[in-house]
Student: 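To start, I am sharing the structure in question, which I have written as structure tokens.
FYI, side chains are in, hydrogens and waters are out, and symmetry mates aren't considered; it's all heavy atoms of this structure. Read the numbers this way: they start at 1 and go in the same order the structure lists the ligands and their atoms.
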Amino acid sequence: MRILVTGASGMLGREVVESARRAAHEVDALDHHSLDITDDVAVRDVLDTHRPDLIVNCAAFTAVDRCEADPDLAFAVNATGPRHLAAGARSVGARLVHVSTDYVFDGTKVGPYTEHDLPNPQSVYGASKRAGELEVLKLGPDGLVVRTAWTFGRHGANMVKTVLAARSSTSPLRFVHDQVGSPTSAADLSGLLIDLATAAASGVIHAANQGSVSWYEFVGEILRQCGDDPGRVEPIRTVDLDPPRAARRPANSVLTSVRLADYALRGLRPYESALGEVLAELSNG
Ligand SMILES: NC(=O)c1ccc[n+]([C@@H]2O[C@H](COP(=O)([O-])OP(=O)(O)OC[C@H]3O[C@@H](n4cnc5c(N)ncnc54)[C@H](OP(=O)(O)O)[C@@H]3O)[C@@H](O)[C@H]2O)c1
């Protein structure tokens, strides 16, 4: 397959490019500089030039708190951008895989969210991502929305790297214990995205590593796997964050899938094992 990846220099984009190349696909990796997805003319030109069979959209405005201050930009990148990609996919006959987020949910459910649960975003980021999902779903069988959560990996800024950087500091480590989610390896996710695309999956699918932890517990596990004392991290409540965050986060955004089985695909492994692999890769430089 010829695969065009947008947002190709982001945390997930880089892994998707590597996974697709490993699976012997021909890959056009376009970073923000090479293609701004908010520019409909540029999107059309690029797709006309590359004529991909599949587009994987990893481009997004992901700074959750900054989205509150700049909703126009959030909606331009996270909703209008996917609309342009969907129109372009239709015109060149490509399929579109679009990555979305657990933050489309309000977090009030008891238990993990499945694909059948109704979104109810509580932040500008979540609302803009939900609007982007709806644009892609208009493609019908040629569109796939993959929701993931709490992504970590070798590339880009993420919680694992934050904790590694904070290990040598003497200041206390405080993380919230009242937001629970599904930490997910960008590398594991990228492999599943390629498998889902190959299986011509459509609609909405949840893809997250197994496990459900608070940020406090996630940080404790990172420290434990680094050989540090997990007791170093202290639990706090979201209301005690100083400064407070601009965007509301769901208290529960654990994801599970009831649809992967439709495509004879297995869910991702437990997050602890994926975390161990990422820590080993980071320590090997
Ligand atoms: N990170 C998480 O915890 C998480 C959780 C759930 C879902 N997701 C979803 O996963 C997907 C990938 O995110 P990520 O974690 O890889 O984030 P990321 O590292 O911030 O990557 C996003 C990429 O999109 C690029 N971008 C921004 N605006 C663009 C535009 N107008 N046109 C083209 N590219 C643009 C960014 O480039 P610049 O940096 O150069 O602007 C960046 O390389 C997103 O859809 C996100 O919503 C992420």
Student: Identify which of S34, A60, G156, G10 has a heavy atom lying nearest to atom 24 (O) of ligand 1.
Tutor: A60
Student: Of R14, H155, H84, H32, which has the heavy atom at the shortest distance from atom 35 (C) of ligand 1?
Tutor: H32
Student: Relative to the heavy atoms of L35, which atoms of ligand 1 are at a distance of less than 4.0 Å?
Tutor: 32 (N), 33 (C)
Student: Please confirm whether the backbone N or O of E272 pairs with a side-chain atom of Q225, one donor and one acceptor, at under 3.5 Å?
Tutor: yes
Student: Side chains of S182 and T184: any donor to acceptor distance under 3.5 Å?
Tutor: no
Student: Check each atom of ligand 1 against the heavy atoms of S9 and keep those under 4.0 Å away; list them by number with element.
Tutor: 43 (O)
Student: Kindly say whether G156 contributes a backbone atom to a donor-acceptor pair with the side chain of N158 at under 3.5 angstrom?
Tutor: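 Judged by distance alone, yes, a pair lies under 3.5 Å.
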Student: Quick one: does ligand 1 sit under 4.0 Å from the side chain of N158, the backbone, both or neither, non-hydrogen atoms only?
Tutor: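 Neither; nothing of N158 gets under 4.0 Å from ligand 1.
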Student: Sequence neighbours excluded and cut-off under 3.5 Å, please list the side-chain donor-acceptor pairs for residues 243-253, or say none.
Tutor:
| from | atom 1 | to | atom 2 | distance (Å) |
| --- | --- | --- | --- | --- |
| R245 | NH1 | P243 | O | 2.9 |
| R248 | NH1 | Q122 | OE1 | 3.3 |
| R249 | NH1 | D65 | OD1 | 2.7 |
| R249 | NH1 | D65 | OD2 | 3.4 |
| R249 | NH1 | A247 | O | 3.1 |
| R249 | NH2 | D65 | OD2 | 3.1 |
| N252 | OD1 | V254 | N | 3.1 |
| N252 | ND2 | K109 | O | 2.8 |
| N252 | ND2 | G111 | O | 2.9 |
| S253 | OG | D102 | OD2 | 2.7 |

Student: If you measure from atom 48 (C) of ligand 1 to every heavy atom of T38, V43, V64, T151, which option wins on shortest distance?
Tutor: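 When every heavy atom of T38, V43, V64, T151 is considered, T151 comes closest to atom 48 (C) of ligand 1.
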Student: Protein non-hydrogen atoms only, distance under 4.0 Å: does atom 26 (N) of ligand 1 have such a neighbour?
Tutor: yes
Student: Any pair with a residue in residues 52-62 that passes side-chain hydrogen bond (donor to acceptor under 3.5 Å, both in side chains), sequence neighbours left out, goes on the list, sorted by first then second residue, please.
Tutor: T6-N57, N57-H98
Student: Is it the side chain (CB and beyond), the backbone, both or neither of D36 that lies under 4.0 Å from ligand 1, heavy atoms counted?
Tutor: both
Student: Are side-chain heavy atoms of R66 and D70 found at a separation under 4.5 Å?
Tutor: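 R66 vs D70: side chains apart.
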Student: Report the C-alpha distance between Y271 and F152 in whole Å, list the side-chain angles of each, state the deciding distance to 0.1 Å, and finish with yes or no for ring pair (Phe, Tyr, Trp, His ring centres under 6.0 Å).
Tutor: CA-CA 10 Å; Y271 89 90; F152 62 88; 7.2 Å; no
Student: Give the atoms of ligand 1, by number and element, whose distance to some non-hydrogen atom of W150 is under 4.0 Å.
Tutor: 3 (O), 5 (C)
Student: For the pair F105 and H206, evaluate ring pair (Phe, Tyr, Trp, His ring centres under 6.0 Å) and give the outcome as yes or no after the intermediate values.
Tutor: CA-CA 12 Å; F105 293 116; H206 288 181; 5.7 Å; yes
Student: Heavy-atom distances under 4.0 Å decide this one: backbone, side chain, both or neither, for C58 against ligand 1?
Tutor: backbone
Student: Select the closest option to atom 8 (N) of ligand 1 among Y125, Y103, F61, judged by heavy-atom distance.
Tutor: Y125
Student: Answer yes if the side chains of N209 and S185 hold a donor-acceptor pair under 3.5 Å, and no otherwise.
Tutor: no
Student: What atoms of ligand 1 come within less than 4.0 Å of a heavy atom belonging to K129?
Tutor: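 Ligand 1 atoms under the 4.0 Å threshold to K129: 44 (C), 45 (O), 46 (C), 47 (O).
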Student: Check ligand 1 against T148 and write out every atom of the ligand that is under 4.0 Å from a heavy-atom position of the residue.
Tutor: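 Ligand 1 atoms under the 4.0 Å threshold to T148: 6 (C), 7 (C).
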Student: At a non-hydrogen distance cut-off of under 4.0 Å, which region of V99 contacts ligand 1 (side chain, backbone, both, or neither)?
Tutor: both
Student: For a side-chain contact (heavy atoms from CB on, under 4.5 Å) check, start with the C-alpha distance between H25 and I194, then their side-chain angles and the critical distance, and finish with the verdict.
Tutor: CA-CA 10 Å; H25 296 294; I194 301 302; 3.8 Å; yes
Student: Counting heavy atoms only, name the option from S100, A186, G13, A149 that's nearest to atom 7 (C) of ligand 1.
Tutor: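 Looking at heavy atoms only, S100 sits closest to atom 7 (C) of ligand 1.
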